[in-house]
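Quick notes on the structure that follows.
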Amino acid sequence: VPPTALAEDGGTPAATDAAAPVVSSTFEDGSTAPWVSRGGTTVAVSNTQSHGGTSSMLVSGRTANWHGAETPIVGTLVPGQNYRVSAWVRLAEGTAPTDVIMTAAENNEDYVRMASVSANDGSWVQLTGTYTVGAGVTSGTLYFEAGADNASFYVDDVVITGAAPAGDDDGDGDNDGADTGNTGTCPAAQASTKPTGLDGTESLFASVPFPLGAAVSAYATTEEAAR
């Protein structure tokens, strides 16, 4: 789907509301999260090419220009706020030169081009731009796509800087307000401190269709038990 508005850099990028990254993807942990398949593509960590470190994300199996890798807007960015985007991209071996594009599908109906760059299979090129989230955005995704329908491409060192969503006060970028560093191996503790919604976009507490809580025995609250 062609974008209907442009917001890519043509000079000095607009100032963002905060310097801290709201998205920082290096793929060195072996995961593509928060990026997932868009349009039935294969999205996987690859060690064949990398811009920094030893890994990158490979997007392959594309059959349309809008196919790629995506992540939700809501819960990642804040409506009405400005963001600076940067990523390094490279086409897969044997792929003819084409543009790699980062697009915002606001409410899955308004398409805003965030950044675009001409890419090839011989070197990494930087994709940079700025983006102001529409004030009325309540759904949609940010995604990488390419001009050629069947082009496979690598993505690495993705950074989006700007205002963090309210509630992401623990610094882990998941908007749950909880630090997951001390949950151990207890499933109940992990579920309560790092909730995952049924639709992947809201907390478990808010999304399940039944009451959710936790029971703690009186013994567990005593000083002796705490020791």
Side-chain angles (χ1 to χ4, degrees), residues 20-63 67-77 83 85-95 100-103 114-115 117 119-128 141-146 150-161 164-165 168 170-204:
V22 294
V23 174
S24 180
S25 302
T26 64
F27 312 107
E28 296 301 306
D29 62 355
S31 170
T32 64
W35 305 97
V36 298
S37 171
R38 175 180 175 86
T41 60
T42 298
V43 175
V45 173
S46 172
N47 301 119
T48 302
Q49 298 287 351
S50 63
H51 174 260
T54 60
S55 301
S56 65
M57 177 174 67
L58 174 61
V59 182
S60 60
R62 301 176 61 255
T63 57
H67 289 176
E70 66 181 2
T71 191
I73 296 176
V74 177
T76 304
L77 309 183
Y83 293 87
V85 301
S86 173
W88 289 85
V89 297
R90 176 176 181 153
L91 301 184
E93 297 74 5
T95 302
V100 175
I101 306 157
M102 191 171 187
T103 302
M114 303 168 66
V117 68
N120 60 75
D121 66 348
S123 62
W124 288 91
V125 291
Q126 188 177 21
L127 181 155
T128 61
T141 61
L142 311 175
Y143 64 96
F144 291 98
E145 58 181 334
N150 60 353
S152 297
F153 57 89
Y154 298 97
V155 180
D156 202 1
D157 296 330
V158 184
V159 178
I160 302 177
T161 54
D168 186 20
D170 60 336
D172 63 2
D174 60 9
N175 199 25
D176 63 7
D179 183 353
T180 62
N182 297 310
T183 60
T185 58
C186 174
Q190 292 172 348
S192 64
T193 60
K194 194 175 182 66
T196 301
L198 296 180
D199 61 0
T201 61
E202 62 180 342
S203 71
L204 181 62

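Every side chain to side chain donor-acceptor pair (under 3.5 Å) that S86 has, sequence neighbours left out, goes to Q126. With sequence neighbours excluded, the residues satisfying side-chain contact (heavy atoms from CB on, under 4.5 Å) with T48 are S46, E93, Y154. Residues satisfying the side chain to side chain donor-acceptor pair (under 3.5 Å) test with S37, not counting sequence neighbours, are T41. Under the side-chain contact (heavy atoms from CB on, under 4.5 Å) criterion, D157 pairs with T26, H51, W88, not counting sequence neighbours. Not a single side chain to side chain donor-acceptor pair (under 3.5 Å) links N150 to another residue, sequence neighbours left out. The ring pair (Phe, Tyr, Trp, His ring centres under 6.0 Å) test applied to F144 returns W35, not counting sequence neighbours. Partners of T42 under the side-chain contact (heavy atoms from CB on, under 4.5 Å) rule, at least two apart in sequence or in another chain, are S60. In this structure S24 satisfies the side chain to side chain donor-acceptor pair (under 3.5 Å) test with no other residue, sequence neighbours excluded.
For D156 (side chain) and V89 (main-chain N/O), no donor-acceptor pair under 3.5 Å exists by modelled atom type.
Side-chain contact between T161 and V23 is absent, with no heavy-atom pair separated by less than 4.5 Å. Within the 4.5 Å cutoff, no side-chain heavy atoms of T128 are placed close to those of V85. Using a 4.5 Å heavy-atom cutoff, the side chains of L58 and R90 are not in contact. When side chains are defined from C-beta on, M57 does not count as touching V45, because their heavy atoms never get closer than 4.5 Å. Contact of the M114 side chain with the L142 side chain is registered, since non-hydrogen atoms from C-beta on lie closer than 4.5 Å.
Taking both residues in full, the closest heavy atoms of G75 and P165 are given as O-CG, 3.4 Å, listed atom of the first, atom of the second, then distance. Among all heavy-atom pairs drawn from N47 and S55, the shortest one is ND2-OG, 2.9 Å.
When only modelled atom types and interatomic distance are considered, S56 and Q49 share no side-chain donor-acceptor pair under 3.5 Å.
T76 contributes atom OG1, which lies 7.5 Å from atom CD1 of I160 (distance to the nearest 0.5 angstrom). Within the model, atoms CD of E70 and OG1 of T103 stand 11.5 Å from one another, a figure rounded to the nearest 0.5 Å.
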Stepwise side chain to side chain contact (heavy atoms under 4.5 Å, CB included) test for L91 and V100: CA-CA 9 Å; L91 301 184; V100 175; 3.9 Å; yes
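Applying the side chain to side chain contact (heavy atoms under 4.5 Å, CB included) test between R38 and each of T71, V43, T141, V59 identifies T141 as the sole match.
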